[in-house]
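Just so you know, these numbers use all the heavy atoms, side chains as well, and skip hydrogens, waters and symmetry mates.
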Amino acid sequence: MRRTHSCCRLGADDAGSEVVLMGWVQRRRDHGGVIFVDLRDREGITQVVFNPEFNPAVHDKAQSIRNEFVIGVRGKVVRRLEGMANPNLKTGEIEVMADELRILNRAQPPVFQIEDNAEVSESIRLKHRHLDLRRPTLQKNIILRHRIAAAARRFLDENGFLEIETPFLTRSTPEGARDYLVPSRVNPGQFYALPQSPQLFKQLLMIAGFDRYYQIARCFRDEDLRADRQPEFTQIDMEMSFVGEQDIMCIAERLVQTIFSQVLEKNLPAPFPQLTYEEAMARYGLDKPDTRFGLELKEISDIVKDSGFKVFADVVKKGGIVKALNAKGCIDLSRKEIDDMAGFVSVYKARGLAWVKVREDSWQSPIAKYFSEAEKQALAERVDMAPGDLVFFVADQPRITNDALGHLRNFLGEKLGLIDHSAYNFLWVTHFPLMEYDEEEKRFQALHHPFTAPLEEDYGKLETDPLNVRSRAYDMVLNGSEIGGGSIRVHQRELQEKLFSALGMSPETYEEKFGFLLSALDSGAPPHGGIAFGFDRLVMILAGQNSIRDIIAFPKTQKAACLLTNAPADVSPAQLEELSLRIRKQ
RNA sequence: GGGGGUGUAGUUCAGUUCGGUUAGAACGCCGGCCUGUCACGCCGGAGGUCGCGAGUUCGAGUCUCGUCGCUCCCGCCA
């Protein structure tokens with residue numbers, strides 16, 4: 001018995017032909033006489049009929065069929081009688097009259113039903129992932145993931161990019177995320193690190209003269225998980241020589257456009273809007289703004305800096321800022337809802353959430369009495385107050401104010417139904433600061449990574465005013481998610497050393513950790529830059545899923561465990577011995 | 001590391017407020033009946049370490065403490 005068709009390809013035109021179908025039993029309906037079986041494969045479902053009058057022996061055999069049995073059926077495609085077609089089924093106009101049945105494998109009743117509309121707890125799904133993956137949504141997600149990857153490969157190949165693999169076993173470098181370490185057996189006491197990204201290798205490939213590189217690369221970061229973060233994840237990683245920001249942004253846009261047209265059959269307008277980091281922070285409070293709705297933030301520090309409301313005035317005097325968010329028409333939000341939002345912003349360390357309900361002729365607000373008429377007038381103008389509005393204020397250090405109101409803005413956009421969930425709003429955020437100050441470690445840290453080139457016009461500030469040096473980095477943002485990021489790299493040794501120094505590394509340290517890069521830069525490195533897409537996040541958004549686990553075949557739990565295989569797990573003393581490792585007793 | 005949610009039949013849940021006889025429902029499963037269903041229908045049945053461990057109590061699914069899993073978020077993630 002050889003399969004002739006998949007379970008969704010049959011239609012009225014096939015009536016009369018003999019076919020062999022193979023698949024899983026989705027459901028069996030036994031009417032005592034005739035038995036119906038919905039046969040499922042990855043393409044769809046076809047109804048198979050076992051009729052005792054047509055073939056008694058096969059009908060008899062079909063009695064033993066149960067859900068998720070794997071069967072092969074030979075039979076004739078027949079048009080269903082008038083009124084018996086099933087419009088919910090792609091193949092609903094026909095059915096297959098079974099003339100031969102092979103039970104290829106029996107199956108225990110599945111732990112949960114193989115259908116989309118039975119919500120099953122995540123741990124049970126992950127433990128029986130092979131069953132979970134049989135459900136239509138997950139099948140669709142994984143297939144979509146493949147099609148996006150395939151479209152990306154085609155596009156990059158057609159545009160002269162070479163797919164080149166880079167090592168998984170590499171060396172741990174300072175900066176960045178916590179590394180996953182792999183002990184070396186032949187070098188006792190020494191460790192490889194799994195790559196957080198192929199960053200340095202792709203730069204070396206540019207230096208080697210390959211000009212255009214790409215890789216759909218697995219990356220590893222030993223940090224805590226989130227709904228959109230896994231410890232191992234996939235990047236579409238690209239790098240190009242002899243280019244500037246706009247070249248890379250352009251090809252990245254074309255890549256995304258290609259994915260949209262080939263996979264989603266959607267036309268995506270380009271070029272995408274570009275926003276500087278500074279502007280993004282000013283208007284949205286976040287470096288990955290969701291531009292599917294308005295509700296922009298307005299800074300009001302200048303208006304309130306001398307006001308009678310000490311909380312605001314003091315914050316401004318201490319270098320903080322005060323910003324407002326006008327929830328247009330939301331005057332009817334209850335006190336409890338407003339309290340909930342105060343709780344919401346406290347998560348981001350904001351110390352309070354002030355608010356004003358704008359009535360026809362007055363402000364209803366705990367803080368109204370502190371402001372002069374002139375100040376009220378100025379505020380009303382700045383944030384475009386109209387009767388019926390509810391305006392929120394946060395006063396704090398700039399980072400906290402922006403973070404709190406930026407997230408509150410997203411929260412309100414969702415809560416108030418302002419978001420068009422069918423929209424795909426892409427934009428670029430550019431000119432990120434090159435570094436930030438790490439309060440805990442008391443030193444400067446690269447915002448992107450330490451190989452990002454500073455903006456040439458800011459070179460002068462590298463030593464005097466490093467926090468105000470802008471970089472040649474850019475992020476691609478889709479619907480409030482960072483889905484890609486890259487930069488023009490440093491390609492000259494002198495500048496790279498200067499950056500390492502600015503980041504607090506001694507020459508001995510950077511020589512030891514990055515000597516190979518420095519000497520490569522010294523060997524004729526072309527100007528180059530690139531970008532890496534968070535492939536999982538991109539697929540997640542395009543699949544309309546809320547969890548990255550739903551677009552990864554075998555994801556890990558929040559504790560970074562695989563419930564299917566029970567990894568991680570203990571290893572034998574002999575294995576540890578070979579690796580010269582000893583587990584510390586707790 | 002911290003905060004929130006959650007854990008009861010194979011699965012999804014109710015029961016927990018205010019402790020009390022035999023822990024329920026739906027779906028699934030098993031058996032019987034049924035020749036046109038497609039969430040087939042009807043009848044019958046089996047199925048429980050109430051996550052785990054202590055404690056309080058005459059008595060704990062229910063109260064207390066601890067612990068574990070899953071999950072969302074903060075920190076973290078160049």
Side-chain angles (χ1 to χ4, degrees), chain A residues 26-39 45-54 59 66-68 78 80-89 91-92 95 97 108-115 117-128 131-132 173-179 196-197 199-200 219-231 233 343-350 400 403-404 407 411 432-436 438-440 444-452 471 473 482 485-487 499 503 532 534 546-547 549 556-559 561 563 566:
Chain A
Q26 175 69 29
R27 193 168 269 116
R28 165 175 151 276
R29 291 179 293 279
D30 184 347
H31 286 247
V34 68
I35 296 172
F36 299 100
V37 165
D38 292 338
L39 191 62
I45 282 179
T46 298
Q47 175 165 283
V48 179
V49 186
F50 297 91
N51 191 318
E53 288 168 9
F54 182 68
H59 172 267
R66 292 294 180 271
N67 285 355
E68 300 307 311
V78 298
R80 297 204 200 177
L81 295 174
E82 193 70 30
M84 287 173 190
N86 183 351
N88 300 322
L89 221 54
T91 60
E95 58 197 7
M97 294 292 289
Q108 293 300 316
V111 169
F112 48 85
Q113 282 155 273
I114 310 301
E115 49 192 31
N117 50 3
E119 283 304 310
V120 181
S121 79
E122 187 125 20
S123 47
I124 287 167
R125 291 175 51 199
L126 291 175
K127 188 168 172 189
H128 307 276
L131 294 179
D132 197 26
T173 53
E175 309 276 318
R178 198 174 291 115
D179 285 317
Q196 297 176 27
S197 89
Q199 181 59 36
L200 289 174
C219 306
F220 306 85
R221 294 177 192 175
D222 188 5
E223 297 292 349
D224 287 346
L225 285 72
R226 285 286 190 283
D228 63 352
R229 258 164 41 190
Q230 283 274 306
F233 61 99
F344 179 87
V345 297
S346 74
V347 166
Y348 302 96
K349 305 287 182 311
I400 290 174
D403 209 28
H407 283 101
F411 177 83
F432 278 78
L434 188 69
M435 40 187 123
E436 59 190 344
D438 184 327
E439 292 291 346
E440 258 174 40
F444 294 107
Q445 267 203 342
L447 201 75
H448 197 60
H449 55 55
F451 322 109
T452 300
S471 73
E482 180 206 326
S487 63
L499 282 183
L503 293 171
N546 294 317
S547 165
R549 296 183 297 279
K556 296 197 168 39
T557 69
Q558 198 160 38
K559 293 277 300 283
L563 296 184
N566 279 325

(message) I'd like to know if R229(A) and D224(A) make a salt bridge, using a cut-off of under 4.0 Å between side-chain N and carboxylate O.
(response) no
(message) Under 4.0 Å between a side-chain nitrogen and a carboxylate oxygen: does that hold for E122(A) and R549(A)?
(response) yes
(request) Report yes or no: is there a donor-acceptor pair, N or O only, under 3.5 Å between the side chain of Q47(A) and the base of rU37(B)? (result) yes
(request) Kindly say whether, by distance alone, the side chain of R221(A) makes a donor-acceptor pair under 3.5 Å with the base of rC76(B)? (result) no
(request) Hey, which sits more toward the 5' end of RNA chain B by its nearest nucleotide, F112(A) or L563(A)? (result) F112(A)
(request) Looking at every strand, decide which applies to T452(A) at a 4.0 Å heavy-atom threshold: base, sugar-phosphate, or nothing. (result) nothing
(request) For Q558(A) and rG75(B), give me the distance from atom CD to atom C1', rounded to whole Å. (result) 13 Å
(message) What is the distance, to the nearest angstrom, from the CG atom on D224(A) to the P atom on rU71(B)?
(response) 12 Å
(message) Do M84(A) and Q47(A) have side chains that approach each other closer than 4.5 Å (heavy atoms only, starting at C-beta)?
(response) no
(message) Could you identify the nucleotide paired to rA26(B), looking across every strand shown and requiring Watson-Crick or G-U wobble geometry with both distances under 3.5 Å?
(response) rU11(B)
(message) Of the listed nucleotides (rC74(B), rC29(B), rC70(B)), which one gets closest to any side-chain atom of P109(A)?
(response) rC29(B)
(message) Whole angstroms only, please: what is the CD-P distance between Q230(A) and rU71(B)?
(response) 9 Å
(request) Kindly confirm whether the side-chain ring of H31(A) is stacked on the base of rC34(B), judged by centres under 5.5 Å and planes under 30°. (result) no
(message) Against Q196(A), only a single residue in T173(A), D179(A), D222(A) fulfils side-chain hydrogen bond (donor to acceptor under 3.5 Å, both in side chains); can you say which?
(response) D179(A)
(message) Rounding to an integer number of Å, can you tell me how far I35(A) CD1 sits from rU35(B) P?
(response) 11 Å
(request) Give one of base, sugar-phosphate or nothing for E95(A), where a contact means two heavy atoms less than 4.0 Å apart. (result) base
(request) Kindly point out which of rC77(B), rU12(B), rG10(B) is positioned nearest to the side chain of I124(A)? (result) rU12(B)
(message) If I pick the C1' atom on rG59(B) and the same atom on rG19(B), what distance separates them, to the nearest angstrom?
(response) 8 Å
(message) Taking pairing as Watson-Crick or G-U wobble with both contacts under 3.5 Å, can you name the mate of rU56(B), or confirm there isn't one?
(response) none
(request) Identify whether any heavy atom of F451(A) sits under 4.0 Å from a base atom; if not, whether one sits that close to sugar-phosphate; answer base, sugar-phosphate or nothing. (result) nothing
(request) Can you figure out which of rU37(B), rA39(B), rG31(B) approaches the side chain of R66(A) most closely? (result) rG31(B)
(request) For the residue pair H59(A) and N51(A), establish whether any side-chain heavy-atom pair is separated by less than 4.5 Å. (result) no
(message) If I pick the C1' atom on rU71(B) and the same atom on rU35(B), what distance separates them, to the nearest angstrom?
(response) 48 Å
(request) Determine the Euclidean distance between corresponding C1' atoms of rG48(B) and rC13(B); express it in Å to zero decimal places. (result) 15 Å
(message) Heavy atoms only, 4.0 Å cut-off, all strands: where does E53(A) land among base, sugar-phosphate and nothing?
(response) base
(message) So, taking the atom named OH in Y348(A) and the one named NE2 in H407(A), what distance separates them when rounded to the nearest 0.5 Å?
(response) 4.0 Å
(request) State the pairing partner of rC70(B); accept Watson-Crick or G-U wobble contacts with both distances under 3.5 Å, and report none otherwise. (result) rG5(B)
(request) Select from K556(A) and Q199(A) the residue whose nearest nucleotide in RNA chain B is closer to the 5' end of that strand. (result) K556(A)
(message) Rounding to an integer number of angstrom, what distance separates rC34(B) and rC43(B) when you compare their C1' atoms?
(response) 11 Å
(request) May I ask you to evaluate whether S121(A) reaches the phosphate of rG7(B), defined as a side-chain N or O under 4.0 Å from OP1 or OP2? (result) no
(message) For rG69(B) and K559(A) - does any side-chain N or O of the residue sit under 4.0 Å from the phosphate oxygens OP1/OP2?
(response) yes
(message) Using OP1 and OP2 only, check whether a side-chain N or O of R29(A) sits under 4.0 Å from rU37(B).
(response) no
(message) Can you check the distance between rG1(B) and rG15(B), where both ends of the measurement are the P atom (answer in whole Å)?
(response) 34 Å
(request) Kindly compute the distance separating CZ (F220(A)) from CZ (F233(A)), expressed to the nearest 0.5 Å. (result) 9.5 Å
(request) To the nearest Å, give me how far apart CD (E119(A)) and P (rU71(B)) are. (result) 15 Å
(message) How many whole angstroms separate atom CZ of R28(A) from atom C1' of rA39(B)?
(response) 16 Å
(message) Would the base of rG28(B) count as contacting N67(A) through its side chain, where contact means a donor and an acceptor less than 3.5 Å apart?
(response) no
(request) Please give the nucleotide sitting opposite rU35(B) as a Watson-Crick or G-U wobble pair, both distances under 3.5 Å, or none. (result) none
(request) Could you give the distance separating rA60(B) and rU22(B) at their P atoms, to the nearest angstrom? (result) 12 Å
(request) Kindly point out which of rC72(B), rC70(B), rU35(B) is positioned nearest to the side chain of V34(A)? (result) rU35(B)
(request) Taking atom C1' in both rC18(B) and rC33(B), compute the distance separating them and give it to the nearest angstrom. (result) 48 Å
(message) Would the base of rU37(B) count as contacting R80(A) through its side chain, where contact means a donor and an acceptor less than 3.5 Å apart?
(response) yes
(message) Taking the C1' atom in each of rG61(B) and rG24(B), what is the distance between them to the nearest angstrom?
(response) 13 Å
(request) Return the value, rounded to whole Å, for the distance between atom CG of D403(A) and atom C1' of rC76(B). (result) 14 Å
(message) Closest approach to the side chain of R226(A), judged atom by atom: which nucleotide of rC76(B), rC29(B), rG36(B) is it?
(response) rC76(B)
(message) Measuring to OP1 and OP2 of rC40(B), would you say a side-chain N or O of R27(A) lies under 4.0 angstrom away?
(response) yes
(request) Determine yes or no for a side-chain-to-main-chain donor-acceptor pair under 3.5 angstrom, with Q230(A) supplying the side chain and K556(A) the backbone. (result) yes
(message) Looking at the base of rC70(B), is there any donor atom on it, or on the side chain of R549(A), that sits under 3.5 Å from an acceptor on the other one?
(response) no
(request) Apply the test side-chain contact (heavy atoms from CB on, under 4.5 Å) to residues F112(A) and D132(A): give CA-CA distance (whole Å), side-chain angles for both, the deciding distance (0.1 Å), then the verdict. (result) CA-CA 8 Å; F112(A) 48 85; D132(A) 197 26; 4.0 Å; yes
(message) Just the rounded figure in Å: distance from P of rU11(B) to CG of D132(A).
(response) 14 Å
(message) Under the criterion of centre distance below 5.5 Å and interplanar angle below 30°, is F36(A) classified as stacked on the base of rU37(B)?
(response) yes
(message) So if I take every side-chain heavy atom of T557(A) and compare against rU71(B), rG36(B), rA39(B), which nucleotide ends up nearest?
(response) rU71(B)
